[in-house]
Number of protein chains: 2
Amino acid sequence: MKRAPSLTQHDVTVLAETFRLLGDPTRLRILLFCLPGPRSVGEIVENLELSQTLVSHHLRLLRGARLVRGERRSKQVFYEVADSHVSDMLIDMAFHIHEDHADD
Amino acid sequence: MKRAPSLTQHDVTVLAETFRLLGDPTRLRILLFCLPGPRSVGEIVENLELSQTLVSHHLRLLRGARLVRGERRSKQVFYEVADSHVSDMLIDMAFHIHEDHADD
DNA sequence: AAAACATATGAACACTTATTCATGTGTTCA
DNA sequence: TGAACACATGAATAAGTGTTCATATGTTTT
């Protein structure tokens, strides 16, 4: 029987904010696409078939929450998931959903 | 180096919807409060200092997504986290946030 | 320097959503 | 049966948010 650690008010706020950002399908797709490794904005745009401005806007939010990091390499900017904490979180959640076939 | 399972379009949608619901601080507090065991609506209202109608509205959304289950015992209705999948998810996330003190 | 390329930003709009107020439903007790 | 208790629901509103359009910034190439 696992138990959760007691969270401070601040912890809960941060946690909710993180969830909120993951709660948009477009942002989630962007994050999942960047999970295997750094992706340029252009790659994201082409692969996910989204407008460039939309991707930029979402990346800004994800950056603001330190969920992704962007690094410039000449003309392009490559984004990757910020740290192993975030990627572990995402992978765990992905497994949870994947295993859970108690569909509607 | 862990890898995420490949998710279907439907998986991503469900995952995003779940995150979206967890993304509201009030709902997240309610869920976390119900994590240790079944709580009556009244208990939630008192402990989290929220209005009764607000709690009911949020519980309805959480119920709709099968994140909580409600059981009536005479006058009161007790809510608990739906299954171990959800609670594991929450506990994992709680640990992730808790351990992550790379604050802003 | 200018043009071309890659990405970012700001304003505007449509749409969603959290909260409140008023009221409804179900259950127990007098 | 009626009153009291516990919870749910519907409408209304204020605030937030995703997307698009137009435009700006930064980098390379000619």
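In the text below, chain A, chain B and the rest are named by the order of the sequence lines, each starting its count at 1.
- For L61(A) and dT19(D), the CG to C1' distance is 12 Å, given to the nearest whole Å.
- Residue Q76(A) is classed as a sugar-phosphate contact, given heavy-atom separations below 4.0 Å to backbone atoms only.
- Distance alone, capped at 3.5 Å, is enough to place a donor-acceptor pair between the S87(A) side chain and the S84(A) backbone.
- Whole-Å rounding puts the L59(A) CG to dG18(D) C1' distance at 14 Å.
- Sorted by residue number, the members of residues 24-42 of chain A with any non-hydrogen atom under 4.0 Å from DNA chain C read S40(A), V41(A), G42(A).
- Taking atom CG on L22(B) and atom P on dA18(C), their separation rounds to 12 Å, with Å as the unit.
- For dA30(C), the paired nucleotide is dT1(D), the pair qualifying as Watson-Crick or G-U wobble because both relevant distances are below 3.5 Å.
- Side-chain nitrogen and oxygen atoms of Y79(A) include none within less than 4.0 Å of the OP1 or OP2 phosphate oxygen of dA6(C).
- Note: CZ (R72(A)) to P (dT25(D)) measures 14 Å, nearest angstrom.
- One N or O on the side chain of R27(A) and one on the backbone of L21(A) form a donor-acceptor pair closer than 3.5 Å.
- Across all strands shown, R73(A) has no heavy atoms under 4.0 Å from either base or sugar-phosphate atoms.
- Side-chain nitrogen and oxygen atoms of R63(B) include at least one within less than 4.0 Å of the OP1 or OP2 phosphate oxygen of dT9(D).
- The nucleotide whose nearest atom lies closest to any side-chain atom of T53(B) is, among dG26(C), dA18(C), dT9(D), dT9(D).
- Ion pair R39(B)/E80(B) not flagged as a salt bridge, since none of the NZ, NE, NH1 or NH2 atoms sits closer than 4.0 Å to an Asp/Glu carboxylate oxygen.
- A donor-acceptor pair under 3.5 Å links the side-chain atoms of E43(B) to the main chain of S40(B), judged by distance alone.
- Within the 3.5 Å criterion, the main-chain N or O of S74(A) finds a donor-acceptor partner in the side chain of R72(A).
- Taking 4.0 angstrom as the limit, R60(A) places a side-chain polar atom (N or O) nearer than this to OP1 or OP2 of dT9(C).
- For K75(A) and L54(A), each mapped to the nucleotide of DNA chain C holding its nearest heavy atom, the one lying further toward the 5' end belongs to K75(A).
- Using a 4.0 Å heavy-atom cutoff across all strands shown, S74(B) reaches sugar-phosphate atoms only and no base atom.
- Contacts of H58(B) with the nucleic acid, taken as non-hydrogen atoms under 4.0 Å apart, involve only primed sugar atoms and P, OP1 or OP2.
- dA6(D) atom P lies 12 Å from atom CD of E43(B), rounded to whole Å.
- A donor-acceptor distance shorter than 3.5 angstrom exists from the side chain of D83(B) to the backbone of V86(B), with no hydrogens or angles considered.
- Taking only side-chain nitrogens and oxygens, S51(A) comes nearer than 4.0 Å to OP1 or OP2 of dT20(D).
- Of the possible donor and acceptor atoms, none in the side chain of Q76(A) sits under 3.5 Å from a partner among the backbone N and O of R73(A).
- Checked by atom type and distance alone, the side chain of R29(B) pairs as donor or acceptor with a backbone atom of L48(B) at under 3.5 Å.
- Across the protein-nucleic acid pair, L48(A) atom CG and dT19(D) atom P stand 12 Å apart, rounded to whole Å.
- When each of dA11(C), dT9(D), dA8(D) is scored by its nearest atom to the side-chain atoms of H57(A), the top-ranked nucleotide is dA11(C).
- Rounded to an integer number of Å, the gap from F78(B) CZ to dT27(C) P is 15 Å.
- Between Q52(A) and E17(A), the residue whose closest nucleotide on DNA chain D is further toward the 5' end is E17(A).
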